[in-house]
Structure formats: structure tokens, C-alpha cells
Amino acid sequence: MIIAVTYENGQVFQHFGHTEAFKIYQVEDGKVTGSQVVSTNGSGHSALAGVLNGLGVDALICGGIGGGAQIALAAAGIRLYGGVSGDADAAVEALLAGRLDYDPDAKCDHHEHHGGHECGEHTCGEHTCGH
């Protein structure tokens, strides 16, 4: 099994479409057997699912993620664990232990919002969403 995490400075990066690197974990028998950081080479939203598919990724752990990217990941057969924050290595260990705290409905609507907030730190209704 291969697990990818949106990655920056040891942490789960919070915006899938803007991640500059993935940390890729090789897993055998429920244990991490190796890992490496892979650059996205400037690939944007739509190309990132292809990057992951090309790496043979089975599952992705990330923060916020847009609906289009979710569809592309699903089409590639990549399981999504969104809405995750904190230490990347700890998130992978939690997933393998069956105790990862993730949001199956994690969305990132940066394209429709304006301001300096991060995904997951607000709910529609606290500000103007543009809907």
C-alpha cells in the first residue's frame, strides 16, 4: 500500500491544490517500511491526481480539498482522508491504527472565498460565501 500526504515542514499541508510536495509512505503488513518527499513540480489542482496515480498511491491524507480534485481522486481509485491537520508521520500512523480523525466531507472552497483564513477554520454563515 502507498499513502501520500500533502506535505510542508513535517505537517499536513492544508490546501491540496497548492501543495508543493507529497510525502509518500510505503506500507507493508500495516507498518511504514519507507518514505520519501516528492515535489509536485508546480502541478496544479487538476494535474495532482495524475501525479498521485502515477506514483501508485492508494490513499491520500490532506487538509482542505476542492470538489473537482475529489472527483479526480475517486476516478483514479485513490481513497481520500481530508480535513486532517498536524504532523504528517503521526497522521499516517493514526490511519494505520484505524484512529485517524478525518472529515469525509472535507471541502476547500478557496475559489469562492476571499480573505486570509485557512480551510477548516470557518463555516459558511460566519462570513459572506458568495453563494
Side-chain angles (χ1 to χ4, degrees):
M1 174 182 209
I2 299 176
I3 300 170
V5 180
T6 52
Y7 190 76
E8 184 178 65
N9 298 323
Q11 301 294 304
V12 177
F13 186 68
Q14 291 302 297
H15 188 170
F16 174 79
H18 289 276
T19 191
E20 294 182 7
F22 291 107
K23 188 164 184 183
I24 306 297
Y25 298 81
Q26 293 80 31
V27 177
E28 292 179 28
D29 299 322
K31 296 192 183 324
V32 174
T33 58
S35 66
Q36 63 181 353
V37 177
V38 176
S39 171
T40 62
N41 294 319
S43 298
H45 293 83
S46 59
L48 289 173
V51 168
L52 293 173
N53 198 27
L55 292 168
V57 168
D58 299 297
L60 169 70
I61 298 172
C62 67
I65 184 167
Q70 290 180 3
I71 292 167
L73 290 170
I78 298 171
R79 289 185 303 274
L80 172 64
Y81 299 91
V84 178
S85 61
D87 182 80
D89 294 348
V92 170
E93 291 297 330
L95 176 62
L96 295 175
R99 54 180 172 74
L100 180 65
D101 182 20
Y102 71 98
D103 179 359
D105 297 317
K107 298 250 187 318
C108 187
D109 296 322
H110 276 283
H111 307 287
E112 300 172 18
H113 293 249
H114 303 284
H117 61 268
E118 293 289 323
C119 282
E121 293 184 359
H122 66 277
T123 59
C124 290
E126 292 181 12
H127 65 279
T128 304
C129 271
H131 295 289

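Worth knowing before you read on, the calculation uses all heavy atoms, side chains too, and leaves out hydrogens, waters and symmetry mates.
Although no hydrogens or angles enter the test, the distance criterion places a donor-acceptor pair under 3.5 Å between the side chain of D58 and the main chain of I2. Judged by distance alone, the side chain of D87 and the main-chain N or O of D89 form a donor-acceptor pair under 3.5 Å. Distance alone, capped at 3.5 Å, places no donor-acceptor pair between the S35 side chain and the Y25 backbone. Checking side-chain atoms of T19 against main-chain N and O of F13 turns up no donor-acceptor pair under 3.5 Å.
Within 6.0 Å of atom CD in Q26, more than 12 heavy atoms from other residues, nucleotides or ligands are found, so the atom counts as buried in its surroundings. Within 6.0 Å of CD in Q36 there are more than 12 heavy atoms belonging to other residues, nucleotides or ligands.
Inter-residue side-chain proximity for V37 and Y7 is flagged as met; some heavy-atom pair is nearer than 4.5 Å. Contact annotation: the side chain of V92 never approaches that of K23 to less than 4.5 Å [non-hydrogen atoms, C-beta and beyond]. Considering only heavy atoms from C-beta on, C62 comes within 4.5 Å of L80 through its side chain. Within the 4.5 Å cutoff, the side chain of I65 has no heavy atoms near those of the T6 side chain. For the pair M1 and R79, the minimum side-chain heavy-atom distance is below 4.5 Å. Between V27 and T33 the shortest side-chain heavy-atom distance does not fall below 4.5 Å. The shortest side-chain heavy-atom distance between L52 and F22 falls under the 4.5 Å cut-off.
The salt bridge (charged side-chain N to carboxylate O under 4.0 Å, His left out) search around D101 returns none, not counting sequence neighbours. Partners of S85 under the side chain to side chain contact (heavy atoms under 4.5 Å, CB included) rule, at least two apart in sequence or in another chain, are Q14.
With rounding to the nearest 0.5 angstrom, the CD atom of E8 is 13.0 Å from the NE2 atom of H15. Rounded to the nearest 0.5 angstrom, N53 CG and L48 CG are separated by 12.5 Å.
Under a hydrophobic clustering in which Ile, Leu, Val, Met, Phe, Trp and Tyr are joined whenever their side-chain heavy atoms come within less than 4.5 Å, directly or via other members, V12 and L96 fall into the same cluster.
Nearest approach of V5 to A88, heavy atoms of both residues: CG1-CB, 3.8 Å. Taking every heavy atom of both residues into account, V84 and A91 meet most closely at CG1-CB, 4.0 Å.
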message: Walk me through whether I3 and I24 qualify under side chain to side chain contact (heavy atoms under 4.5 Å, CB included).
response: CA-CA 6 Å; I3 300 170; I24 306 297; over 6 Å; no
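Using bins of under 30°, 30° to 60° and over 60° for the plane-to-plane angle, the ring pair Y102/Y81 lands in the perpendicular bin.
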